[in-house]
Amino acid sequence: MSGSSYFEQFNVVWLFGLTNSAIMMLLVIFVALLFLRGIDLIPKRWQSFFELVCFHFYYVAKENLGVEGLKFFPFILSLFFFLVFLNIFGLCPYVFTPTTHIVVTLGFSFSIIIGITLSGLLRFKKDFFSILMPSGAPLVLAPLLVLIETVSYFSRAISLGVRLAANLSAGHLLFAILAGFGVIFKSAIVIMVFITLLEMAVAIIQAYVFCLLTTIYLADTLVLH
């Protein structure tokens, strides 16, 4: 297998008037709604797992954002399941994974940071910019500190998007390389099983980290630091 063929899994192509990335996102939304529809009085295994995840993110939102911040709970939970389904489905053969594209992940992260900024401006007006000036800092250092804090603030979007795309892309490349060796070395198939389990763990962890950091950043729309 040539080196270029390893990157073919990341190619964006047009199918039925849409890109494979857009089709995958629509499919994930449909499957997620299909899985999460309906509530039984006696929960089944899937519903029990879903309720555990809901309770966990409920307390994460409450702990980081307070009672007022629980209005963001549906968004955080929906974002988590959307990313988890995208990441895990992307491990299936011949399935495109949108979250391996940095353009897609940066689109998610920048949309979130821009939304947080606009929400903060609507709530605090010009006082929102006080987050760019650490309290108690010397006034003479204000220009430098504001510049540093501004870069730090918007670097959140870059770190969010790059972290998600980089980890998933690296895992997919490793999986593709080992799959190529598996044709020659039968023992590589056993290794691929462990790599698959590892990739599933990475898919869930990266979605969780993305949502956890989003929850922390949302605090800027409620309280000025």
Side-chain angles (χ1 to χ4, degrees), residues 21-22 24-26 28-29 31-33 35-36 49-90 97-124 127-132 134 148-171 199-225:
S21 178
M24 190 61 192
M25 291 185 190
L26 292 174
V28 162
I29 293 174
V31 172
L33 292 175
F35 269 102
L36 303 179
F49 171 75
F50 175 69
E51 290 177 353
L52 287 174
V53 175
C54 285
F55 284 132
H56 176 75
F57 276 100
Y58 177 86
Y59 288 114
V60 168
K62 187 176 181 180
E63 181 180 352
N64 288 278
L65 305 176
V67 176
E68 185 182 0
L70 290 178
K71 61 184 178 182
F72 295 116
F73 166 67
F75 167 70
I76 297 168
L77 186 66
S78 301
L79 180 64
F80 173 74
F81 277 109
F82 180 67
L83 292 177
V84 162
F85 278 113
L86 275 180
N87 295 347
I88 292 181
F89 285 176
T97 312
T99 45
T100 58
H101 272 249
I102 194 169
V103 174
V104 175
T105 56
L106 285 180
F108 291 157
S109 58
F110 271 99
S111 298
I112 291 171
I113 296 302
I114 291 173
I116 290 173
T117 303
L118 293 177
S119 298
L121 288 173
L122 287 174
R123 180 181 176 91
F124 300 109
D127 292 335
F128 180 73
F129 293 105
S130 64
I131 66 173
L132 303 178
I148 294 175
E149 290 297 324
T150 301
V151 173
S152 176
Y153 181 81
F154 286 102
S155 67
R156 296 175 176 181
I158 299 176
S159 64
L160 268 178
V162 170
R163 181 187 294 107
L164 181 60
N167 281 280
L168 293 176
S169 298
E199 280 301 296
M200 292 183 66
V202 170
I204 297 173
I205 291 172
Q206 289 304 315
Y208 178 79
V209 170
F210 192 97
C211 294
L212 180 61
L213 291 176
T214 299
T215 304
I216 295 173
Y217 297 155
L218 282 169
D220 289 337
T221 65
L222 302 173
V223 180
L224 289 177
H225 301 285

At their closest point, which heavy atom of [X] faces which heavy atom of [Y], and how far apart are they?
| X | Y | answer |
| --- | --- | --- |
| Phe124 | Asp220 | CE1-O, 3.7 Å |
| Ala207 | Asn87 | CB-ND2, 4.0 Å |
| Ala203 | Ile88 | CB-CG1, 4.1 Å |
| Leu77 | Cys54 | CD2-SG, 3.3 Å |
| Pro98 | Met25 | CB-CE, 3.7 Å |
| Ala157 | Ser109 | O-OG, 2.7 Å |

For residues [X] and [Y], determine if any side-chain heavy atom of one lies less than 4.5 Å from a side-chain heavy atom of the other.
| X | Y | result |
| --- | --- | --- |
| Arg163 | Leu213 | yes |
| Met24 | Leu86 | yes |
| Phe210 | Thr105 | no |
| Leu160 | Phe108 | no |
| Ile205 | Asn167 | no |
| Tyr217 | Ile112 | no |
| Phe73 | Lys62 | no |

Keeping [X] on the side-chain end and [Y] on the backbone end, is there a donor-acceptor pair under 3.5 Å?
| X | Y | answer |
| --- | --- | --- |
| Ser152 | Glu149 | no |
| Ser159 | Ser155 | yes |
| Ser169 | Ala166 | no |

| message | Going by ring pair (Phe, Tyr, Trp, His ring centres under 6.0 Å), name the residues that satisfy it together with Phe57, two or more places apart in sequence or in a different chain. | response |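 Partners of Phe57 by the ring pair (Phe, Tyr, Trp, His ring centres under 6.0 Å) criterion, ordered by chain and then number, come out as Phe80, Tyr208.
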With rounding to the nearest 0.5 Å, note down the distance linking [atom1] in [X] to [atom2] in [Y].
| X | Y | atom1 | atom2 | answer |
| --- | --- | --- | --- | --- |
| Leu83 | Ile204 | CG | CD1 | 12.5 Å |
| Thr221 | Leu121 | OG1 | CG | 11.5 Å |
| Leu218 | Ile116 | CG | CD1 | 4.5 Å |
| Cys211 | Phe81 | SG | CZ | 10.0 Å |
| Ile158 | Arg156 | CD1 | CZ | 13.0 Å |
| Ser119 | Ile114 | OG | CD1 | 11.5 Å |

| request: Go through the steps for Thr215 and Phe72 under the test side chain to side chain contact (heavy atoms under 4.5 Å, CB included), then give the verdict. | output: CA-CA 8 Å; Thr215 304; Phe72 295 116; over 6 Å; no
| field | Qualifying residue for side-chain contact (heavy atoms from CB on, under 4.5 Å) with Asn64, from Ile76, Ile216, Leu222 | value |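 When Ile76, Ile216, Leu222 are each tested with Asn64, the side-chain contact (heavy atoms from CB on, under 4.5 Å) holds only for Ile216.
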| Relative to the ring of Tyr153, is the ring of Phe128 parallel (under 30°), tilted (30 to 60°) or perpendicular (over 60°)? |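 The arrangement is perpendicular - the two ring planes meet at more than 60°.
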